[in-house]
Amino acid sequence: MTADCFMCTRLSDNGPLFVADLPSSRVYFNEDQFFPAGSSWSSSVMPSRLYDLDPGERAALIEDVARVARALARVYRPVR
């Protein structure tokens, strides 16, 4: 994290939208809850794009996303 990074500054605390620290990311609920449980992730590294992560970092981030998606699906039971 760097002081001049907007997202780093915004996501550096455990404010009211904070959900969890995961192995490769932090999870927050979106301020705009148009879709219940809408969430955002911030990677523990600072890639500009998903493809900028090395394969191991990318796999760890995707695993974090899948873990949270599974938990949210259990709680909110989305209808498809």
Side-chain angles (χ1 to χ4, degrees):
M1 287 197 203
T2 63
D4 60 341
C5 170
F6 169 75
M7 290 305 290
C8 292
T9 301
R10 184 163 186 225
L11 301 176
S12 65
D13 66 13
N14 296 351
L17 300 176
F18 175 74
V19 176
D21 275 316
L22 299 174
S24 66
S25 61
R26 299 187 67 149
V27 182
Y28 296 83
F29 283 125
N30 292 335
E31 289 179 37
D32 173 8
Q33 285 292 301
F34 181 77
F35 296 106
S39 52
S40 300
W41 280 263
S42 65
S43 176
S44 58
V45 297
M46 292 183 54
S48 294
R49 304 282 186 262
L50 187 59
Y51 57 77
D52 289 334
L53 293 169
D54 71 42
E57 292 168 331
R58 188 169 44 250
L61 180 61
I62 295 301
E63 184 58 34
D64 284 355
V65 170
R67 185 175 169 198
V68 171
R70 188 177 308 116
L72 291 174
R74 285 184 191 143
V75 172
Y76 289 94
R77 298 182 177 205
V79 176
R80 293 196 161 237

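Hydrogens, waters and symmetry mates play no part in the numbers below; they use all other heavy atoms, side chains included.
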Verify same cluster id: Val75, Val27 (apolar side-chain graph, 4.5 Å) =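 Cluster IDs for Val75 and Val27 match.
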With Phe29 via ring-ring contact (aromatic ring centres under 6.0 Å, His included) - residues at least two apart = none
message = Testing the basics here: between Tyr28 and Phe18, what is the closest heavy-atom pair and its distance to 0.1 Å?
response = CD2-CA, 3.5 Å
request  = Of all the heavy-atom pairs spanning Leu53 and Arg58, show the shortest one and how long it is.
outcome  = O-NH1, 2.7 Å
request  = State which residues pass side chain to side chain donor-acceptor pair (under 3.5 Å) with Asp52; sequence neighbours excluded, sorted by chain then number.
outcome  =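 So Asp52 forms no side chain to side chain donor-acceptor pair (under 3.5 Å) with any residue.
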ask   = Mind checking what makes salt bridge (Lys or Arg N to Asp or Glu O under 4.0 Å) contact with Asp21, not counting sequence neighbours?
value = Arg26
request  = Using modelled atom types only, decide if a donor and an acceptor are shared between the side chain of Asp64 and the backbone of Ser25 within a distance under 3.5 Å.
outcome  =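 Checking the backbone N and O of Ser25 against the side chain of Asp64, a donor-acceptor pair under 3.5 Å is found.
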task = Quick one: pull up OG in Ser24 and CG in Leu61 and give me the separation to the nearest 0.5 Å.
result = 5.0 Å
query = Any side-chain heavy-atom pair from Val68 and Val19 closer than 4.5 angstrom?
reply = no
